[in-house]
Trainee: 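Below is a structure I'd like to ask you about.
We count residues from 1, following the sequence as given.
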Amino acid sequence: MALDFFAGCAGGAAGVLVGHPFDTVKVRLQVQSVSNPKYRGTIHCFQSIIKQESTLGLYKGVGSPMMGLTFINALVFGVQGNTIRYLSKDTPLNQFLAGAAAGSIQCVICCPMELAKTRLQLQGTGEYKSKSKNYKNSLDCLVKIYRKEGLRGINRGMVTTFLRETPSFGFYFLTYDYLTRYIGCEINDKFIIPKLLFAGGMSGIVSWLSTYPIDVIKSRLQADGIGGVNHYNGIMDCVRKSYKEEGWRVFSRGLTSTLLRAFPVNAATFATVTMFLMYMRGENDLPECEAGPAIQQPNSM
């Protein structure tokens, strides 16, 4: 478990660095006003952020997923591994159940982390240097939200995070397990790294597609209240108002940037995790392509 933990940290860090710019674009597109949209699409959003806020604008809020990375990986790898051992059989159903268990438990850390990330990503939108920074960093953001709204504010979006993470992690583990078996991921295979990249990337895409509409609602709820104005009274109110104002397309807002992010992030994470385990355990101790799950930033993917 110690090796799984450290491997997950290394893989998760690689995934965050690769994927955070795409996540920033996703959040901006998900929460922008339909009556006065600032961005015309994924490419225009990328271009606008770089032009108006510099390349660093794409990495706003990156401290939050990095800060929570260690704890999330520890929970996910530990829970998934122990659940598989408890279920005793490595079957597709058990892979799904183990992933779902891991996804549900890590919400305790994932939700506050993504709340801070979302608030920081939206801070100073369109400004090269934010003229009025409400939050200095991720920790400062969470402290100020706690002082103003208490524990309920810190856990804003917890239910939607749970509804997103539980099934998505199940599909995530299930897809990775199936693909590594199907394409024959063997240690001595000279194409092992491309195979790992492919399996990890596709697992991320399947995971996001399985629960993406819920992620849109989560982002809107966590962004709600910025500027002191609350637009939604809860999950169903957010669903009703979003659908009424923007139609069914609102539930796929930002999907392009999410899928563009999902493949390289999870490919990089799975490859890093597996190669780390191969190096630390030695080839003789790792007969199968035995990597733990990549994390979605979180998420989750």
Side-chain angles (χ1 to χ4, degrees), residues 12 15-16 19-20 22-31 61 64-65 68-69 71-73 75-76 79-80 83 95-119 121-122 152 154-176 202-224 232 234-240 242-243 248-263 265-266 269 293-301:
V16 170
H20 194 77
F22 295 96
D23 188 71
T24 299
V25 171
K26 180 205 73 169
V27 171
R28 295 279 181 96
L29 290 172
Q30 284 180 335
V31 304
S64 183
L69 185 66
F71 302 103
I72 288 179
N73 276 271
L75 281 173
V76 169
V79 171
Q80 193 271 344
T83 303
Q95 284 288 345
F96 180 88
L97 293 175
S104 63
I105 291 177
Q106 58 96 38
C107 290
V108 177
I109 296 171
C110 178
C111 179
M113 182 193 76
E114 291 200 354
L115 174 65
K117 174 185 69 66
T118 298
R119 295 291 177 92
Q121 285 174 325
L122 297 174
R152 186 173 182 177
I154 289 291
N155 291 299
R156 182 189 289 265
M158 178 64 76
V159 175
T160 47
T161 301
F162 177 83
L163 293 175
R164 181 195 70 179
E165 297 291 84
T166 302
S168 69
F169 265 87
F171 285 114
Y172 196 52
F173 278 80
L174 176 61
T175 303
Y176 180 72
M202 292 306 298
S203 298
I205 288 176
V206 170
S207 174
W208 274 108
L209 287 174
S210 67
T211 57
Y212 190 78
I214 300 175
D215 183 67
V216 174
I217 300 303
K218 181 202 71 72
S219 292
R220 292 195 163 207
L221 289 172
Q222 291 187 325
D224 196 33
Y232 310 115
I235 297 173
M236 294 312 299
D237 184 56
C238 181
V239 172
R240 282 193 297 266
S242 297
Y243 178 76
W248 65 269
R249 290 181 182 273
V250 67
F251 301 112
S252 62
R253 176 85 66 86
L255 180 60
T256 301
S257 61
T258 299
L259 296 183
L260 287 173
R261 165 183 175 262
F263 193 93
V265 165
N266 293 286
T269 307
I295 303 302
Q296 315 174 63
Q297 294 307 307
N299 327 272
S300 145
M301 260 136 266

Trainee: Hey, what do you get for CD1 (Ile214) to CD1 (Ile235), rounding to the nearest 0.5 Å?
Mentor: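 Rounded to the nearest 0.5 Å, the CD1-CD1 separation comes to 9.0 Å.
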
Trainee: Are the side chain of Gln222 and the backbone N or O of Ser219 linked by a donor-acceptor pair below 3.5 Å?
Mentor: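 Judged by distance alone, no pair lies under 3.5 Å.
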
Trainee: May I have the step-by-step check of side chain to side chain contact (heavy atoms under 4.5 Å, CB included) for Tyr232 and Ser242, ending in yes or no?
Mentor: CA-CA 10 Å; Tyr232 310 115; Ser242 297; 4.1 Å; yes

Trainee: Please report the closest heavy-atom contact between Gln121 and Asp23, naming both atoms and the distance.
Mentor: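 Heavy atoms only, the tightest pair is NE2-OD2, 3.0 Å.
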
Trainee: As an exercise, state the distance from OG1 of Thr175 to CZ of Phe96, rounded to the nearest 0.5 Å.
Mentor: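 Here the interatomic distance stands at 9.5 Å.
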
Trainee: Can you tell me how far the CG atom of Leu255 sits from the CG atom of Leu260, to the nearest 0.5 Å?
Mentor: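 Rounded to the nearest 0.5 Å, the CG-CG separation comes out at 9.5 Å.
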
Trainee: Would you mind reporting whether Ile105 and Phe169 have side-chain heavy atoms less than 4.5 Å apart?
Mentor: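 Answer no - side chains too far apart.
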
Trainee: Does Asn266 reach the side chain of Tyr176, with side-chain heavy atoms less than 4.5 Å apart?
Mentor: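 Counting from C-beta outward, Asn266 and Tyr176 never come under 4.5 Å.
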
Trainee: Give a yes or no on whether the backbone of Gln30 and the side-chain of Arg220 come within a donor-acceptor separation of less than 3.5 Å.
Mentor: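 Side chain of Arg220 to backbone of Gln30, a donor-acceptor pair under 3.5 Å: yes, one is there.
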
Trainee: With heavy-atom distances below 4.5 Å as the criterion, would you say the side chains of Gln106 and Val79 are in contact?
Mentor: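 They are not in side-chain contact.
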
Trainee: Measure the CD1-OG1 distance between Ile217 and Thr161 for me, rounded to the nearest 0.5 Å.
Mentor: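 Ile217 atom CD1 to Thr161 atom OG1 measures 12.5 Å (nearest 0.5 Å).
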
Trainee: Where do Cys238 and Leu221 come nearest, in terms of heavy atoms and distance?
Mentor: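 Here Cys238 and Leu221 meet closest at CB-CD2, 3.9 Å.
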
Trainee: How many angstroms lie between CD in Glu165 and CD1 in Ile72, if you round to the nearest 0.5 Å?
Mentor: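 Between Glu165 CD and Ile72 CD1, I get 8.0 Å after rounding to 0.5 Å.
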
Trainee: Is any side-chain heavy atom of Leu259 closer than 4.5 Å to a side-chain heavy atom of Leu209?
Mentor: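 The answer is yes, as the side chains (C-beta and beyond) meet within the 4.5 Å cut-off.
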
Trainee: Identify the two heavy atoms, one from Pro167 and one from Phe162, that lie closest to each other, and give their separation to 0.1 Å.
Mentor: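 Scanning both residues, the minimum pair turns out to be CD-O, 4.3 Å.
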
Trainee: Let me confirm one number: the CZ-CD distance from Phe171 to Gln95, rounded to the nearest 0.5 Å.
Mentor: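 These two atoms lie 14.0 Å from each other.
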
Trainee: Could you report the tightest heavy-atom contact between Pro112 and Cys107, atom names first, then the distance?
Mentor: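 Minimum heavy-atom contact is CD-O, 4.1 Å.
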
Trainee: Please identify which of these residues, Thr258, Thr256, Asp215, meets the side-chain hydrogen bond (donor to acceptor under 3.5 Å, both in side chains) condition with Lys26.
Mentor: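 Exactly one option meets the side-chain hydrogen bond (donor to acceptor under 3.5 Å, both in side chains) with Lys26, and it is Asp215.
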
Trainee: Which pair of non-hydrogen atoms, one from Phe173 and one from Gln80, has the smallest distance, and what is that distance?
Mentor: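 It is CE2-CG, 2.7 Å.
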
Trainee: Between the main-chain N or O of Phe251 and the side-chain N or O of Tyr243, is there a donor-acceptor pair closer than 3.5 Å?
Mentor: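 Not at all, since once roles are kept as given, no pair shorter than 3.5 Å links the two residues.
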
Trainee: I'd like to know if the side chain of Ser207 reaches the main chain of Ser168, judged simply by a donor and an acceptor atom lying under 3.5 Å from each other, with no hydrogens or angles considered.
Mentor: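 Yes; at least one donor-acceptor contact below 3.5 Å.
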
Trainee: Ignoring hydrogens and geometry, is there a side-chain-to-backbone donor-acceptor pair from Tyr212 to Arg253 under 3.5 Å?
Mentor: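 It does hold such a pair.
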
Trainee: Could you report the tightest heavy-atom contact between Cys111 and Gly157, atom names first, then the distance?
Mentor: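 Closest approach of Cys111 to Gly157, heavy atoms only: SG-C, 3.7 Å.
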
